[in-house]
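Both counts, for ligands and for their atoms, begin at 1 and track the order of listing. Each residue takes its place number in the sequence, starting with 1. What's counted below: heavy atoms across the whole structure, side chains too, no hydrogens, waters or symmetry copies.
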Amino acid sequence: MSVLVFLEHHDDQITKGSLAILTKAATLGDPDVAGVLVGSGVTAAASQAGKFGAVRVHVRDDDGVAAALPQPRVDVLAGLVREHGYETVLFAASVLAADVAAGLAARLDAGLNWDLVDLAVEDGELVGRRPALGDSVYVSVGWTGTPRLALFRSGSFDPSATAGGEPEVVPVDGELEDFSLAVTMVEQAHAESEGPSIEDADVVVAGGRGLGEPGNFRLVEELADALGGAVAATRAVVDAGWYPYSAQVGQTGKTVSPKLYVAAGISGAIQHKVGMQGANVIVAVNKDANAPIFEYSDLAVVADVHAVLPKLTQLVRERKGG
Ligand SMILES: Cc1cc2nc3c(=O)[nH]c(=O)nc-3n(C[C@H](O)[C@H](O)[C@H](O)COP(=O)(O)OP(=O)(O)OC[C@H]3O[C@@H](n4cnc5c(N)ncnc54)[C@H](O)[C@@H]3O)c2cc1C
């Protein structure tokens, strides 16, 4: 049941999501857990993977694969599966990883289970768990052959550094397909933001339509700043142009699993819930005592956000001595 994990990186760091999948892979029982890094100047990052369970990291380090394009990565992964016989290939959800996973499935004629939230070995078989029917139930899914490909929902696992040592770093070369080189990256832009990303933050403060108008997101930003957290938003306010899509949490946005999630003026629709229900503690502020979000909040504050948020921010600042 040898496992290969696609390790995505930003700058010189392997992403938290990829390390979380590696951590999970290391628990499946087969010590043959490998990672694959593709990019320019990525070799130094390979050693990070050892602590999270990789005994080997295949590294394709050259300028020709610097751009985050999927097809060259499909070439590299397909070559590794064919050469080393990896039976399982795992991906942490991202736009790039989804493209690579789909491309690899087509290239190898392999089965890809999508949007998994867990993976286990049951009676010697690998079984995935996947939410279904609007996330109201979980179903077990399997594969009819190898290689088995799986893409995981963000936040499904936590990365956990083990006592693992330095992984063996195996350079990967070989020709890329002509058609993989036919696409070039014209431009890549980064959304400018300060503080932690909503996927990585321990504290997320989210605002919804109950804030009343876009300018009131300042209340959410100030509380997030005081708590050292990140700002998130519902689809309703993103669609209304109050806040950027990169902050959207939910079915068609991001999945987050912070230690604390503060929901301000959010009704708690199922499509929002599926993106934040993994938070350890959920605090909701809503003036409607019957708002659905109170059904799954740990602390329900029935009040006007405009009154509560500034006071909360002030108290946090005072407590922190700021
Ligand atoms: C296919 C599909 C995908 C979707 N994907 C997503 C998704 O990814 N993420 C997402 O968030 N939604 C998603 N939605 C939309 C979702 O169904 C809800 O419409 C949306 O989450 C509602 O956003 P909201 O809570 O900000 O607004 P509302 O539902 O309008 O809720 C506003 C809340 O604020 C409260 N309120 C009003 N004034 C105040 C005040 N002064 N103080 C305190 N509380 C106040 C109200 O009581 C109300 O509960 C999706 C919908 C569909 C159909």
Next item on the list: Considering heavy atoms of the protein only, find what lies nearest to atom 22 (C) of ligand 1 and give residue, atom and distance to 0.1 Å.
Entry: Ala236 CB, 3.9 Å
Next item on the list: Would you indicate whether the side-chain heavy atoms of Asn216 and Trp242 approach each other to under 4.5 Å?
Entry: no
Next item on the list: Mark up the atoms of ligand 1 that fall under 4.0 Å of a heavy atom belonging to Ala303, in ascending order.
Entry: 42 (N), 43 (C)
Note to self: Under the criterion side chain to side chain contact (heavy atoms under 4.5 Å, CB included), I'd like the reasoning laid out for Ile14 against Phe52: C-alpha separation, chi angles, the key distance, then a yes or no.
What the structure shows: CA-CA 11 Å; Ile14 298 175; Phe52 294 84; over 6 Å; no
Notebook entry, point to check: Do Arg153 and Val274 touch side chain to side chain, with heavy atoms closer than 4.5 Å?
Noted result: yes
Checklist line | Gly208 neighbourhood, listing ligand 1 atoms whose heavy-atom distance to it stays under 4.0 Å | finding: 26 (O)
Item checked: Protein heavy-atom partner closest to atom 5 (N) of ligand 1 - residue, atom, separation in Å -> Thr252 OG1, 2.7 Å
Next item on the list: Between Lys287, Lys273, Gln251, Gln271, flag the one that comes closest to atom 14 (N) of ligand 1 by a heavy atom.
Entry: Gln271
Item checked: Within-4.5 Å side-chain heavy-atom neighbours: Leu149 and Val89 -> yes
Check: To which of Thr234, Val249, Val237, Ile270 does the heavy atom nearest atom 9 (N) of ligand 1 belong?
Finding: Val249
Next item on the list: Specify the protein heavy atom at minimum distance from atom 42 (N) of ligand 1: its residue, its atom name, and the distance to 0.1 Å.
Entry: Val305 N, 2.9 Å
Notebook entry, point to check: Taking atom types as modelled, is there a side-chain donor on Glu8 or Ser94 under 3.5 Å from an acceptor on the other?
Noted result: yes
Notebook entry, point to check: Can you list the steps and then say if Asp75 with Arg107 is a side chain to side chain contact (heavy atoms under 4.5 Å, CB included)?
Noted result: CA-CA 9 Å; Asp75 293 347; Arg107 190 79 67 84; 2.8 Å; yes
Notebook entry, point to check: Does any donor atom in the side chain of Asp30 or Ser2 lie under 3.5 Å from an acceptor atom in the other side chain?
Noted result: no
Note to self: Does any part of the side chain of Gln48, heavy atoms only, come nearer than 4.5 Å to the side chain of Gln13, both counted from C-beta?
What the structure shows: yes
Next item on the list: Side-chain contact test, heavy atoms from C-beta onward, threshold under 4.5 Å: evaluate it for His272 versus Ile266 and give yes or no.
Entry: yes
Next item on the list: Step through the shown structure and confirm whether more than 12 heavy atoms of other residues, nucleotides or ligands are within 6.0 Å of CD on Glu122.
Entry: yes
Next item on the list: Could you tell me whether atom 19 (O) of ligand 1 has a protein heavy atom closer than 4.0 Å?
Entry: no
Check: With side chains defined as the heavy atoms from C-beta onward, is the minimum distance between Val76 and Leu176 less than 4.5 Å?
Finding: yes
Next item on the list: Would you indicate which of Lys254, His306, Gln248 comes nearest to atom 7 (C) of ligand 1 when only heavy atoms are counted?
Entry: Gln248
Note to self: Among all protein heavy atoms in this structure, tell me which lies nearest to atom 28 (P) of ligand 1, with the distance rounded to 0.1 Å.
What the structure shows: Ser267 OG, 3.6 Å
Check: For Tyr296, is the NZ or CZ atom of Lys273 found under 6.0 angstrom from the centre of its six-membered ring and inside 45 degrees of the ring axis?
Finding: yes
Next item on the list: For atom 12 (N) of ligand 1, find the nearest protein heavy atom and state the residue, atom name and distance (0.1 Å precision).
Entry: Arg235 CB, 3.2 Å
Note to self: I'd like to check which ligand 1 atoms, numbered from 1 as shown, lie under 4.0 Å from a non-hydrogen atom of Gly250.
What the structure shows: 7 (C), 8 (O), 9 (N)
Checklist line | Nearest non-hydrogen protein atom, atom 48 (C) of ligand 1 | finding: Asn286 ND2, 3.7 Å
Notebook entry, point to check: So is there a nitrogen or oxygen of Gly268 less than 3.5 Å from a nitrogen or oxygen in ligand 1?
Noted result: no
Note to self: Could you tell me, atom by atom, which parts of ligand 1 come under 4.0 Å of a heavy atom of Asp304?
What the structure shows: 40 (C), 41 (N), 42 (N)
Check: What residue and heavy atom of the protein are closest to atom 27 (O) of ligand 1, and at what distance?
Finding: Arg209 CB, 3.5 Å
Next item on the list: Would you please determine whether Gly265 falls within less than 4.0 Å of ligand 1 on a heavy-atom basis?
Entry: yes
Check: Hey, what's the ring geometry for Phe91 with Phe6, parallel, tilted or perpendicular (30° and 60° as the breaks)?
Finding: tilted
Check: With atoms numbered from 1 as shown, which atoms in ligand 1 lie under 4.0 angstrom from a non-hydrogen atom of Gly253?
Finding: 8 (O)
Check: Considering only heavy atoms, which of Pro292, Gly210, Ala233, Ala307 lies nearest to atom 37 (C) of ligand 1?
Finding: Gly210
Item checked: Atoms of ligand 1 close to Asp288 [distance to a heavy atom under 4.0 angstrom, numbered from 1] -> 47 (O)
Note to self: Does only the side chain of Ala264 get under 4.0 Å from ligand 1, or the backbone, or both, or neither? Count heavy atoms.
What the structure shows: neither
